[in-house]
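Nothing here was measured: the structure is a model prediction, and the numbers come from that model. Just follow the structure's listing: the first ligand is 1, and inside any ligand the first atom is 1.
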Amino acid sequence: MVTLTIDRKVIEAAEGMTILDAARSADIEIPHLCYLKDLNEIGACRVCMVEMDGASKLITACNTIVQDGMVIHTNSPKVRETRRTNVELILSQHDCECAWCVRSGNCALQTLANDLNINTLPYEKQVKYSPWNRFFPLIRESNKCIKCMRCIQVCDKIQNLQVWDVAGTGSRTTVNVSLNRRIEEADCSLCGQCITHCPVGALHERDDTQKVFQALKDPDQITVVQMAPAVRAAWGEELGLSRDEATVERMAAALRAIGFDYVFDTDFGADLTIMEEGSELLERLKKGDAKTLPMFTSCCPGWIRFMKSQFPEMVSHLSTSKSPHQMFGAVAKTYFAQMLGVDASRIFVVSIMPCVAKKSECDLPTMDDVGTGKDVNVVLTTRELIRMLRADHINVHHLKDEALDSPLGTATGAGVIFGATGGVMEAALRSAHYLALHENAPADAFKAVRGGKGWKESTFQLGDTTLRTAVVSGLGNARKLIEALKNQEVSYDFIEVMACPGGCAGGGGQPIHDGQELAEVRSDTLYDLDQHAALRYSHENPSILKLYEDFFGEPLSPLAEKLLHTDHEA
Ligand code: HC1
Ligand code: SF4
């Protein structure tokens with residue numbers, strides 16, 4: 001331990017700690033902007049400057065290690081003046097158009113400028129505008145970029161994709177797509193982690209809310225909305241709802257208040273995915289073909305984009321099962337349209353997802369199996385849902401819980417846990433056990449696959465078959481796993497991959513809490529919902545059983561292959 005003094009307070013701090021962390025442990029918050037623990041500790045923004053007795057210059061608190069006897073001042077006149085100048089300089093390169101910025105009210109720079117009472121700029125503005133394809137699901141606003149480097153670091157260190165880099169020199173230094181590429185050429189997975197790690201509004205998803213408002217006011221359209229598993233664990237965060245208040249039933253009431261005709265659940269699609277993917281796994285295991293084993297899950301479009309661009313030779317290992325929300329779209333426009341007695345073209349499907357990559361997934365030419373143009377019309381992120389609720393002045397605090405619609409709103413706990421890393425694997429194992437042995441294992445028998453660790457292995461016995469599984473989240477971990485597989489250092493039968501660290505709970509479309517990772521907390525909510533669910537096995541979902549009885553026949557039937565599976569190589 002070392003002893004130092006910060007703002008006249010004597011503090012004991014562990015060796016190796018930064019001044020910023022040591023101060024925090026004593027409830028002294030040093031303002032900062034670019035800093036992200038363990039990811040970006042480069043002192044680029046110079047906002048965390050502090051004064052140290054005996055030093056001629058101010059030092060950065062985020063990356064200076066504590067030493068015995070240090071005397072630090074976090075708010076001396078010199079510190080205050082320098083901090084203010086540094087923030088003013090950053091503001092001089094930022095467009096400061098807060099009125100229509102998606103991060104207004106949730107922007108670290110806005111908060112800082114307000115806290116420092118900056119109300120005029122003594123510097124000439126030098127804002128850089130770069131062209132960008134506004135149709136791409138991920139938008140970069142160079143005029144808002146503050147060069148904190150967080151996007152570069154998260155893409156590089158966590159996702160191992162190197163989409164972003166520093167461009168230009170001197171006062172023209174900025175961040176843009178690396179290697180002078182356009183974003184469409186950069187192998188971006190669209191995981192959206194750069195968005196959730198950006199402290200300002202320099203990165204955001206394409207806003208598709210107006211397309212949904214258009215459909216809602218069209219009397220010929222029957223609007224059907226589905227919400228992803230992970231959305232239910234996060235939608236209340238920015239609306240001031242506690243975890244207990246932010247129920248899926250209250251979300252249903254909110255979606256009806258917006259004007260949707262039918263409120264359904266992607267968890268239903270997740271249960272359906274399990275039926276198809278579980279059956280597919282058993283088929284592949286029976287065949288034992290090295291071209292398709294191990295089998296990788298296919299519900300994360302960020303991961304699919306990564307696999308196609310980084311390891312195209314491995315694409316045959318992906319499950320052909322579509323992702324749950326795409327299965328849902330195809331079912332809504334066939335089975336459900338038939339139930340209503342309407343043409344598929346009248347059904348407008350909106351998916352509320354924690355995800356940016358799903359915006360591109362629903363646009364794929366292969367995601368039009370019904371022939372209406374798109375099986376899912378629009379994907380909105382959790383953040384866009386919140387913006388729609390705000391735009392409609394819906395006070396969610398006054399809403400009462402409402403049941404979801406039937407039949408595509410009926411789901412099991414197995415569907416709910418899809419939103420957490422390991423959840424797809426666990427749900428699949430619950431049903432694969434039943435499909436293989438015609439009896440249920442206890443619902444928690446496979447919980448060894450849970451947990452936020454980047455790469456987790458487990459082995460299970462399904463009758464005579466030993467199943468070796470792995471679960472990874474984060475694309476850097478996925479790359480390591482594939483390389484280990486190729487080098488024959490590891491061997492598995494079934495692998496779950498989610499692009500975002502922690503799975504969809506930590507998705508790139510989720511509400512942003514600067515510097516906080518909430519995937520684990522949100523996953524706890526999902527596991528809790530599963531624990532208390534009336535049904536916990538996808539194969540026991542009565543609506544799914546009826547769907548097979550009345551429409552698909554059985555998993556992997558020709559109609560199921562047509563509507564619920566896809567060719568990733570097409
Ligand atoms: Fe996901 Fe999925 S779990 S991919 O992470 O398989 O987005 O939540 O909706 O489709 O069900 C996301 C979440 C989501 C799909 C499901
Ligand atoms: Fe989207 Fe989930 Fe994949 Fe992230 S982990 S890219 S949120 S599907």
Side-chain angles (χ1 to χ4, degrees), residues 137-138 154 158-159 161 188-196 205 225-235 248 264-274 276-277 296-307 319 321-331 349-362 367 375-376 379-383 385 408 411-428 471-475 477-478 496-511 519 522-523 525-526 529-530 538 564 566:
L138 172 75
V154 74
I158 308 285
Q159 300 301 61
L161 270 171
C188 171
S189 70
L190 285 172
C191 67
Q193 290 301 307
C194 54
I195 300 178
T196 51
E205 69 275 51
V225 65
Q226 55 169 323
M227 59 276 211
V231 172
R232 70 207 59 209
W235 77 283
V248 73
F264 289 135
D265 200 343
T266 311
D267 294 6
F268 169 91
D271 282 334
L272 185 56
T273 298
I274 288 303
E276 294 295 322
E277 200 171 76
F296 287 94
T297 55
S298 56
C299 52
C300 165
W303 150 239
I304 303 284
R305 286 175 67 91
F306 176 87
M307 183 72 136
S319 156
S321 300
K322 284 187 192 168
S323 72
H325 90 112
Q326 287 295 153
M327 286 198 182
F328 177 100
V331 170
V349 177
V350 176
S351 303
I352 315 275
M353 301 275 124
C355 181
V356 180
K358 289 202 183 272
K359 282 181 184 279
S360 126
E361 183 188 31
C362 80
M367 293 298 155
D375 295 342
V376 168
V379 167
L380 297 179
T381 62
T382 317
R383 295 188 293 267
L385 164 68
L408 313 188
T412 72
V416 178
I417 59 174
F418 260 58
T421 174
V424 183
M425 175 66 73
E426 186 173 347
V471 170
V472 275
S473 71
L475 293 172
N477 291 323
E496 177 200 298
V497 185
M498 294 309 243
C500 296
C504 294
Q510 293 281 54
R522 294 174 186 146
S523 298
T525 303
L526 299 177
L529 286 170
D530 168 44
S538 297
L564 307 179
T566 188

Students should be able to answer this: which protein heavy-atom is nearest to [atom], and at what distance?
| atom | answer |
| --- | --- |
| atom 12 (C) of ligand 1 | Cys504 SG, 3.0 Å |
| atom 3 (S) of ligand 1 | Phe418 O, 3.3 Å |
| atom 8 (O) of ligand 1 | Ala230 N, 2.8 Å |
| atom 15 (C) of ligand 1 | Pro324 CD, 3.2 Å |
| atom 1 (Fe) of ligand 2 | Cys355 SG, 2.3 Å |
| atom 2 (Fe) of ligand 2 | Cys504 SG, 2.5 Å |
| atom 9 (O) of ligand 1 | Ala228 CB, 3.0 Å |
| atom 10 (O) of ligand 1 | His325 N, 2.9 Å |

### Message
Hydrogens and angles aside, do Thr297 and Glu496 bring a side-chain donor and acceptor to less than 3.5 Å of each other?
### Response
no
### Query
How about Gln159 and Ser189: does a side-chain donor come under 3.5 Å of a side-chain acceptor?
no
Taking both backbone and side-chain atoms of [X], is any N or O found less than 3.5 Å from an N or O belonging to ligand 1?
| X | result |
| --- | --- |
| Met353 | no |
| Lys358 | yes |
| Asp267 | no |

Which ligand 1 atoms, with their elements, are less than 4.0 angstrom from a heavy-atom of [X]?
| X | value |
| --- | --- |
| Cys299 | 4 (S), 6 (O) |
| Met498 | 5 (O) |
| Cys355 | 7 (O) |
| Thr266 | 9 (O), 11 (O), 16 (C) |
| Ala270 | 11 (O) |

Of all the atoms in ligand 2, which lie at a distance below 4.0 Å from a heavy atom belonging to [X]?
| X | value |
| --- | --- |
| Pro301 | 8 (S) |
| Pro354 | 7 (S) |
| Gly507 | 7 (S) |
| Cys500 | 4 (Fe), 5 (S), 6 (S), 7 (S) |

Sidechain-backbone polar pair: [X] side chain, [Y] backbone, donor-acceptor under 3.5 Å:
| X | Y | answer |
| --- | --- | --- |
| Arg232 | Met227 | yes |
| Lys322 | Met327 | no |
| Ser298 | Ser319 | yes |
| Asp530 | Val416 | no |
| Arg522 | Ala505 | yes |

### Message
Please confirm whether Met327 approaches ligand 1 to less than 4.0 Å, judged on its heavy atoms.
### Response
no
### Message
Which residue in the set Thr382, Val376, Leu380, Thr266 passes side-chain contact (heavy atoms from CB on, under 4.5 Å) when paired with Met353?
### Response
Thr266
#### Entry: Member of Asp267, Leu529, Val424 meeting the side-chain contact (heavy atoms from CB on, under 4.5 Å) criterion with Pro229
Asp267
### Task
Determine the minimum heavy-atom distance between Thr421 and Ser473, stating which atoms define it.
OG1-CB, 3.8 Å
### Salt bridge flag under 4.0 Å for residues Glu205 and Arg383
yes
### Query
N/O/S of Cys300 less than 2.8 Å from atom 3 (Fe) of ligand 2?
yes
### Query
Hey, what's the ring geometry for Phe268 with Phe328, parallel, tilted or perpendicular (30° and 60° as the breaks)?
perpendicular
